[in-house]
Amino acid sequence: MAWTRFGKKKDMPGGLWIKCESCGAMLFRKEFEQRHRVCATCGYHFTLPARERIALTADPGSFEEMWIPLRAHDVLEFHDRVPYGEKLIATKAKTGEADAMVTGTATIKGIPCALGVMNFQFLGGSMGMVVGEKIALLCEHAAEKKLPVVLFACSGGARMHEGAVSLMQMAKTCGALQRLHQQGMVSISVMTHPTTGGVTASFASVCDLLLAEPGALIGFAGPRVIATTIKKELPKGFQRAEFLLEKGQIDRIVQRAAMRDELGRLLAYATGRDPVAAFKPQPVAAEAETAAPPPPAEVAEKPRRKQKAKKG
Amino acid sequence: MTEPSAKPPVQDGLAFERPLSELQTKIAELRKLNSGSHLELSGEIELLEDRLRRQTAEVYAQLSPWERVNVARHAERPLTSDYMQLMLDDFVELHGDRVFGEDRAIVTGLATMAGTRFLLVGHRKGKTVKDRLACNFGCAHPEGYRKALQKMRLAEKMKLPIVTFINTPGAYPGIGAEERGQAGAIARNILEMFEIEVPIVCLVIGEGGSGGALGIGVGDRVGMLENSYYSVISPEGCAAILWKSGDKAPEAAEALKLTSKDLLRLGLVDKVIEEPLGGAHRDPKGTVERVKVQLLEWLAELAAVPVPELLAQRYRKFRGMGTPVAE
């Protein structure tokens, strides 16, 4: 649940150069951003802000945001060192976002879908009433419009400041997905670094297809909590995307650069379209295509090494 | 999500019990004296008993949230096993998740109580040290949640309602638990509990620790015992993160609004079951009797609801929890 363990200090420094969190390489900021925050040296996938994620995933100009005015309110009158109400206002001013979730409709490789993206910059992407409500609304909208749902998770877990109200968002989102599934719609969850706590233990793990970005930390309990509980050192690569693939917990690991193609392909299968046609270069997307390196089919081959059935 | 609360509390949250137990000891001594001699002490004893009752009522009416958390964790507080023993006329335990193993932190089985049959699912904490270790202090692994789901599907087939007893510090945070998909198992339970076509009744009897509690906590009626708590994170965990100090657990307990009265006020549970004077640990039998009456009432109520309506209501109930405002 502890979203503050990640992030905070990881806010991008304003300088020309950025140090890779994983290998320590110095990366030229402009190039780094062009590579969608993936380290050129080690391939480490940095956390991607929601708007950049949408720009990278949805077809250019296709995203239509919904439920923009929704705001959290301080039901508990929670304050630790700062009252939650003030924290919300300050975070909104700092990030320009109203909460940790951006939702709407879009097309991906020309296929219409409902898209929800978590924003780690907003209080560690923690799930409170706004995140829960937007996911539920998105699922209900998708069920009504017969759209598949794509959800990008990026969160430290439930938002403590909303107490048990945030806990119940786990039930709200799962209930909404259950109803969506019952109407035959397909859902895809993409777990990005980090996805832990109440988000992993709810909507992010019960979508029909589970994808993850390379190296993403994905788990229920945070590594520090586990290490303190069992009083042992954790195995190398523990709770990373590759570990989850190995243990049969996810369907595929997808490189960020190949994400749109991969989603397009899966959405084609999910909606009765021709996946081969979905890969024909689109005139509209030509500009964005130049940034994405190798042809999709080739990229997609790599992570297929071990493909196991999804569990739980 | 939360650490097991096996370690001693950061701050003695049961200090308020001391004057009460001193009075109790005094009364017991006088009683002994009274029966063993010709001295007439009945009047004295009655006076003291009256004082004890008043003082207990006073103390328990003013407990802080942190003190209530400690009552919820009290060593003598009735556990799922006590309810089973005192309440059920028949119980057939069913083991195993059919995939990996048997998790003793969750008990499941077919039960009969006053002529009503149902599936019982409950966290198990254990009474003796050996038991507690075997049950991981009530912290379930994924196989526990999968076992619960597998049995709930069985109950659905047998058209038996489901009763769950929630009493866990949280799901177990360990290597094996993560390897076998702790998060996925809990999420799967939450999702599928929305589609199970029999009535589900959930009761928090002690600790309602986060996702580990909710993993068997989606129901048509959700109740809490008066001195139980239900929280997104343990007060200790919250204090460590937001206050950067585990010693601030009392402050965190206060801020989290985790008591039964808070949850009721927030519309997250349907009912608070009052405990006997001075908490469930003072009168386990009385507590179990109250729970039994409530469960039978709920089960009778829900038996009359047609399945589509039942599922629609269940969704609406959780769908309405925590509604944001529009700016």
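By convention in this document, chain letters (A, B, ...) are assigned in the order of the sequence lines, proteins followed by strands, and residues within each chain are numbered from 1.
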Closest contact, heavy atoms only, [X] versus [Y]:
| X | Y | value |
| --- | --- | --- |
| A:Lys172 | B:Tyr315 | O-CE1, 4.4 Å |
| B:Val232 | A:Ser166 | CG2-OG, 3.4 Å |
| B:Phe194 | A:Ala171 | CE1-O, 3.1 Å |
| B:Gly174 | A:Ile226 | CA-CG2, 3.8 Å |

Note to self: As an exercise: rank A:Gln169, A:His79, A:Lys232, A:Glu140 by heavy-atom pairs under 4.5 Å with chain B and give me the winner.
What the structure shows: A:Glu140

Check: Taking every heavy-atom pair that is under 4.5 Å apart, which of A:Ala176, A:Ala204, A:Gly219 has the most such pairs with chain B?
Finding: A:Ala176

Next item on the list: Mark yes when over 12 heavy atoms from residues, nucleotides or ligands other than B:Arg104 sit less than 6.0 Å from its CZ; otherwise mark no.
Entry: no

Next item on the list: Check whether any side-chain heavy atom of B:Ser210 sits under 4.5 Å from a side-chain heavy atom of A:Leu167, and report yes or no.
Entry: yes

Next item on the list: State, yes or no, whether a side-chain contact exists between A:Phe203 and B:Ile190 at a heavy-atom distance under 4.5 Å.
Entry: no

Does [Y] offer a backbone N or O that forms a donor-acceptor pair with the side chain of [X] under 3.5 Å?
| X | Y | value |
| --- | --- | --- |
| B:Glu178 | A:Ala221 | yes |
| B:Glu179 | A:Phe238 | no |
| A:Arg81 | B:Leu242 | yes |

Item checked: Candidate pair A:Leu76 and B:Leu256, rule side chain to side chain contact (heavy atoms under 4.5 Å, CB included), full reasoning -> CA-CA 7 Å; A:Leu76 305 187; B:Leu256 283 165; 5.6 Å; no

Considering only heavy atoms, which portion of [X] lies under 4.5 Å from any heavy atom of chain B: side chain, backbone, both, or neither?
| X | result |
| --- | --- |
| A:Ala98 | neither |
| A:Ile135 | neither |
| A:Glu162 | neither |
| A:Phe243 | side chain |

Note to self: For a side chain to side chain contact (heavy atoms under 4.5 Å, CB included) check, start with the C-alpha distance between A:Met168 and B:Arg319, then their side-chain angles and the critical distance, and finish with the verdict.
What the structure shows: CA-CA 9 Å; A:Met168 297 308 164; B:Arg319 180 69 182 82; over 6 Å; no

Next item on the list: Against chain A, label B:Leu311 side chain, backbone, both or neither, depending on which of its atoms sit under 4.5 Å from a heavy atom there.
Entry: backbone

Note to self: I'd like to know which of B:Glu192, B:Glu195, B:Met193 tops the heavy-atom pair count under 4.5 Å against chain A.
What the structure shows: B:Glu195

